[in-house]
There are 2 protein chains.
Amino acid sequence: MNLAQGLDRFGLAVGGAIAPIRERLRPFARHQRTAQGAAAALGPERDHLVYMLDGHAKLVARTPGGQDRIVAFHCAGDLVTVPAAGLHAYALAAIRDCNLLAFGRTELLAAVRDDPAMLEAVFNQVIDGLERCRENAVNLGRKSASKRVASFLLTMAKRGGQGAGDAPVVELPMSRRDVSDYLGLTIETISRQISEMRKLGLIATPSRSRVQLLDCEALKARANHFAGAE
Amino acid sequence: MNLAQGLDRFGLAVGGAIAPIRERLRPFARHQRTAQGAAAALGPERDHLVYMLDGHAKLVARTPGGQDRIVAFHCAGDLVTVPAAGLHAYALAAIRDCNLLAFGRTELLAAVRDDPAMLEAVFNQVIDGLERCRENAVNLGRKSASKRVASFLLTMAKRGGQGAGDAPVVELPMSRRDVSDYLGLTIETISRQISEMRKLGLIATPSRSRVQLLDCEALKARANHFAGAE
DNA sequence: CGGATTCTTGAAAGATGTCAAATGGAGTGG
DNA sequence: CCACTCCATTTGACATCTTTCAAGAATCCG
């Protein structure tokens with residue numbers, strides 16, 4: 001997804017006109033290019049909102065123990081809320097090269113305050129982020145690894161939009177390590193789950209970073225665990 | 001915490017004047033009294049924002065499998081974002097009798113749009129909710145039960161504000177079942193953790209719903225697990 | 001005071017984590 | 001274009017932790 005399309009998503013919710021929006025926001029934002037593997041340069045002392053023009057990124061929380069936990073994955077068009085350093089230090093790290101627009105929380109609000117449609121778009125995106133975080137929390141609270149991984153694949157498929165009808169191919173730009181840090185499992189467990197699903201014929205793995213969902217219904221059943229105890 | 005104090009929190013962020021705020025919001029809100037054990041009557045078809053005047057509540061996500069997972073606990077002064085029914089059906093259920101102000105997402109935005117301070121207060125509260133959800137997600141992603149429970153107690157202590165200096169007493173208005181649904185553990189595991197911490201002298205349990213934190217530093221160490229692998 | 005619910009404790013089974021080694025793919029250089 | 005090397009991923013065996021199932025104790029409420 002390119003810059004124009006990225007802004008388009010933002011623009012659609014707002015009401016259409018793309019160029020004017022970008023121009024309005026520019027004075028309040030810092031445009032930033034972040035190379036794969038690097039973290040966006042945001043001061044740790046206050047909240048930020050980052051609009052992703054391009055690329056893929058992960059929001060990482062570093063625990064006091066020094067371990068990294070991934071809180072969210074984001075792609076072009078997302079507005080990412082990056083908390084100031086509190087109990088955990090947060091960083092937005094690029095999985096693939098990224099172009100970002102970084103706002104201070106207060107500044108973004110000031111920028112969109114006078115434009116009701118724009119304000120609503122920002123509000124909606126923040127709430128979207130909250131709802132995704134909640135879905136993630138629900139997923140993490142379920143114990144079994146099989147449900148977490150199946151649910152993860154389905155979520156990525158929905159967001160990726162590679163909806164090739166019956167058997168969509170999902171791009172996983174992040175490493176197994178990232179997936180494990182996101183799902184609260186080890187890379188070995190992830191790998192075992194992937195293998196098991198492949199043996200069961202639920203998925204195929206054409207390449208290291210690609211997964212094809214062969215049987216979405218069965219995956220949903222695996223994720224939701226109908227009927228039985230959860 | 002009573003109604004005035006509840007609004008006060010909201011009011012403080014806004015800039016002080018309490019009565020006018022309540023009056024301004026009233027036309028857009030539905031005031032609702034929810035008895036202990038009951039769920040707030042919110043239509044499932046759209047997002048809501050609920051301001052808690054009073055009481056304690058839990059935000060529950062019902063999975064397709066029919067199991068309940070608790071996504072957040074809330075008390076007076078909180079602005080709770082309640083998502084429309086999607087993958088999970090959400091409900092705001094009262095742990096103790098509650099007085100609520102329920103807004104549609106769009107209506108609340110319309111109500112505060114013209115008041116910059118008010119708008120910022122709402123924005124802040126939504127982002128607060130997001131950040132708490134993230135902290136929770138980080139906590140859930142950590143494997144060990146001891147860390148989850150220790151972290152939970154510390155979080156509740158910070159929010160409860162019963163800061164009796166060295167050994168704060170934390171009120172846990174929710175049942176063990178609720179805690180287990182929140183932390184993704186079984187009630188037995190919760191109970192065992194509580195017992196172990198008591199044996200270690202980290203906490204005392206004056207009553208079923210009260211926990212006294214005898215050694216906060218040790219609890220923090222237990223929660224964060226300094227140095228060693230996480 | 002008594003019943004019922006909630007919480008606690010115990011023992012065994014299952015699942016995931018840990019450690020170690022082998023495999024395979026991706027990219028590099030010849 | 002092919003071979004080689006490196007590193008992420010996969011697989012295996014075992015230890016550990018949580019769940020499960022079952023029973024007993026404590027607390028709350030009427």
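Just so we're on the same page: letters track the sequence lines, and every chain starts at 1. Just the heavy atoms: all of them, side chains too, but no hydrogens, waters or symmetry mates, feed the values below.
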Nucleotides 10-15 of chain C: which of its N/O atoms have a protein N/O under 3.5 Å away?
| residue | atom | partner | partner atom | Å |
| --- | --- | --- | --- | --- |
| dG10(C) | N7 | R192(B) | NH1 | 3.1 |

Using a cut-off of strictly less than 4.0 Å between a heavy atom of the residue and any atom of DNA chain C, enumerate the qualifying residues of residues 202-215 of chain B by number.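 DNA chain C contact set from residues 202-215 of chain B: R208(B).
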For [X], enumerate each residue passing the salt bridge (charged side-chain N to carboxylate O under 4.0 Å, His left out) test, keeping only those at least two apart in sequence or located in another chain.
X       : result
R208(A) : none
E188(B) : none
R132(B) : D78(B)
D181(A) : none

Which residue pairs pass the ring pair (Phe, Tyr, Trp, His ring centres under 6.0 Å) test with at least one member in residues 204-223 of chain B, sequence neighbours excluded?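 Checked against ring pair (Phe, Tyr, Trp, His ring centres under 6.0 Å) - neighbours excluded - no pair reaches residues 204-223 of chain B.
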Sequence neighbours excluded - ring pair (Phe, Tyr, Trp, His ring centres under 6.0 Å) pairs with any residue from residues 170-204 of chain B: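 Every pair satisfying ring pair (Phe, Tyr, Trp, His ring centres under 6.0 Å) with a residue in residues 170-204 of chain B: F73(B)-Y182(B), F152(B)-Y182(B).
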Electrostatic pair K220(A)-E217(A), nearest N-O below 4.0 angstrom: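 Yes, this pair counts.
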To the nearest 10 degrees, what angle separates the axes at the start and end of the helix from dC1(C)-dG30(D) to dG30(C)-dC1(D), five pairs each?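 Helix axis angle between the two ends: 50°.
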Closest to the T186(A) side chain, choosing from dT9(D), dG17(C), dT9(C):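 For the T186(A) side chain, the nearest candidate turns out to be dG17(C).
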I'd like a table of donor-acceptor pairs (distance under 3.5 Å, sequence neighbours excluded) in which one partner is a side-chain atom from residues 87-98 of chain A, with atom names and distances.
| residue | atom | partner | partner atom | Å |
| --- | --- | --- | --- | --- |
| H88(A) | ND1 | E135(B) | OE1 | 2.7 |
| H88(A) | ND1 | E135(B) | OE2 | 3.3 |
| Y90(A) | OH | E135(B) | OE2 | 3.0 |
| D97(A) | OD1 | Q36(A) | N | 2.7 |

List for me each residue that meets ring pair (Phe, Tyr, Trp, His ring centres under 6.0 Å) alongside F103(B), sequence neighbours excluded, and say none if there are none.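 None.
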When you measure from the side-chain N and O atoms of S195(A) to the phosphate of dT10(D), is any distance below 4.0 Å, counting only OP1 and OP2?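 No, no such contact exists.
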Considering just the side-chain nitrogens and oxygens of T189(B), establish if one lies under 4.0 Å of OP1 or OP2 belonging to dT18(D).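 Negative; the distance criterion is not met.
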Could you pull out all residues at least two apart from D68(B) that satisfy side chain to side chain donor-acceptor pair (under 3.5 Å)?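 Per chain and number, D68(B) pairs via side chain to side chain donor-acceptor pair (under 3.5 Å) with R62(B).
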Nearest whole angstrom, please: distance from the C1' of dT18(C) to the CZ of R177(A).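 Nearest whole value for this atom pair: 12 Å.
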